[in-house]
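These notes concern the structure reproduced below.
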Amino acid sequence: MDNPSGVGVIDRSIKILERLEEGPATLLQLVEATGIARPTVHRLAAALMHHRVVSRDDTSRYILGKRLNELATAAGTDRLTTLAEPVLNWLRETTGESAQIYRAYGQTRVCVASVERPVGLRDSIPVGTEFSMKAGSAAQVLLAWQDHLSVAGGIQEAAFSSATLASVRRRGWAQSVGEREAGVASVSAPVRNGQGPVIAALSISGPVERLTRNPGRYHGSTVVTAASRLSQILQHDS
């Protein structure tokens, strides 16, 4: 923080959040990054967790909490969801399936944007819906590009394996059939902050009868194209 406000507790809390913006961190890593005494960091992190501004991942490291997304959405300043609408609509029209964007928050993923197939059988997922990070193609994508500790913790009791995540990284998309819910298939690809880290998963989902038991074969490249397009939009808007 280059320009502190003079209100110490706020300035120190912002330092913690700025470090977590870069990714998960242990208590020691927060202390080293912020220069704040360990007891103070622990106390502030606990208070931020109480208000859901900070959370923990599967390996008990600190991460940004879901409350930040709720506040951004309420303020209408969430760049990702604001810029994603035309891409979501294109993906829906191209594939004929419902499309969603998910963000990871610890052991859950949250739908932050959604457009539904207008007619026929569809997978309806309202904005704000939470799912486990243990199943589904979006969970695979959100976990696949995380660090080794997060991957190791994430695959415990998951419907997919480390080999699955390696395949996701290699081909650039993930698929699932009946992982999250019986009879539902999905395909997902990573959305990046420009050329940087994966910040979300862009997905399509629908009944297995229509997407087949190998949905990535038919829709993988289309979902990757849409996710890459959104990543480029985010980069140019920054």
Side-chain angles (χ1 to χ4, degrees), residues 1-3 14-15 17-25 33 53 63-105 109-118 125-129 133 136-147 150 165 168-175 186-205 215-216 218-238:
M1 181 185 301
D2 297 328
N3 187 25
I14 294 298
K15 280 187 176 182
L17 296 177
E18 287 176 341
R19 168 56 185 85
L20 295 180
E21 186 179 11
E22 300 173 6
V53 176
I63 59 173
L64 295 176
K66 287 182 284 188
R67 183 60 179 151
L68 293 174
N69 182 70
E70 294 169 356
L71 291 171
T73 300
T77 57
D78 189 330
R79 289 175 58 250
L80 173 63
T81 56
T82 300
L83 297 172
E85 184 175 357
V87 176
L88 282 171
N89 288 332
W90 177 85
L91 185 58
R92 177 185 59 184
E93 297 304 317
T94 303
T95 64
E97 302 297 342
S98 300
Q100 310 87 29
I101 294 178
Y102 293 95
R103 277 199 177 113
Y105 293 97
R109 56 185 170 98
V110 179
C111 177
V112 298
S114 177
V115 293
E116 294 186 2
R117 174 186 169 95
I125 303 174
V127 171
T129 302
M133 283 285 286
S137 64
Q140 295 174 30
V141 164
L142 291 169
L143 187 60
W145 280 272
Q146 292 189 24
D147 59 69
S150 295
L165 298 185
V168 172
R169 289 190 295 271
R170 183 176 64 254
R171 66 194 179 197
W173 53 265
Q175 67 177 4
S186 66
V187 182
S188 300
V191 177
R192 298 179 181 275
N193 186 6
Q195 299 300 316
V198 173
I199 60 171
L202 179 61
S203 307
I204 60 167
S205 60
Y218 301 99
H219 299 296
S221 61
T222 304
V223 178
V224 168
T225 296
S228 298
R229 183 177 300 177
L230 181 53
S231 298
Q232 291 169 3
I233 292 172
L234 289 168
Q235 181 180 22
H236 294 153
D237 186 70
S238 62

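Since we're looking at a predicted model, the values are computed, not measured.
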Which pair of heavy atoms, one from Tyr102 and one from Ala138, lies closest together, and at what distance? CD1-CB, 3.5 Å
So which heavy atom on Ser150 is nearest to which on Gln146, and how close? CB-OE1, 2.9 Å
Are the side chains of Ile101 and Thr81 in touch, meaning some heavy atoms are under 4.5 Å apart? no
What distance separates Leu142 CG from Arg109 CZ, expressed to the nearest 0.5 Å? 7.5 Å
With salt bridge (Lys or Arg N to Asp or Glu O under 4.0 Å) as the rule and sequence neighbours excluded, what pairs involving residues 83-99 come up? Glu97-Arg210
Just verifying a value: how many Å separate Ser205 OG and Glu116 CD, rounded to the nearest 0.5 Å? 9.0 Å
To the nearest 0.5 Å, what is the distance between CG on Leu234 and CD on Gln232? 10.0 Å
Looking only at non-hydrogen atoms, find the nearest pair between Gly172 and Val224 and report the distance. O-CG2, 3.5 Å
Are side-chain heavy atoms of Val110 and Tyr105 found at a separation under 4.5 Å? yes
Could you state the interatomic distance from CD (Gln140) to CD (Gln175), rounded to the nearest 0.5 Å? 8.0 Å
Student check: side-chain heavy atoms of Val141 and Val191 closer than 4.5 Å: no
Taking the side chain as every heavy atom from C-beta outward, state whether Ile63 and Leu20 have any pair of such atoms under 4.5 Å apart. no
Would you name the heavy atoms of Val53 and Leu17 that are closest together and state the gap between them? CG1-CD2, 3.8 Å
Looking at every heavy atom in both Pro215 and Ser186, which two are closest together, and how far apart are they? CG-O, 3.8 Å
Could you check if a side-chain atom of Leu230 sits within less than 4.5 angstrom of a side-chain atom of Leu80, using non-hydrogen atoms only? yes
For the residue pair Ala113 and Leu88, what are the closest heavy atoms and their distance? CB-CD1, 3.7 Å
Non-neighbouring partners of Thr225 that pass side chain to side chain contact (heavy atoms under 4.5 Å, CB included), sequence neighbours left out: Trp90, Arg229
Sub-4.5 Å side-chain heavy-atom contact between Thr95 and Tyr218: no
Candidates Ser114, Ser98, Ser137, Ser188 - the one meeting side chain to side chain donor-acceptor pair (under 3.5 Å) with Ser203: Ser188
Not counting sequence neighbours, which residues clear salt bridge (Lys or Arg N to Asp or Glu O under 4.0 Å) with Arg169? List them please. none
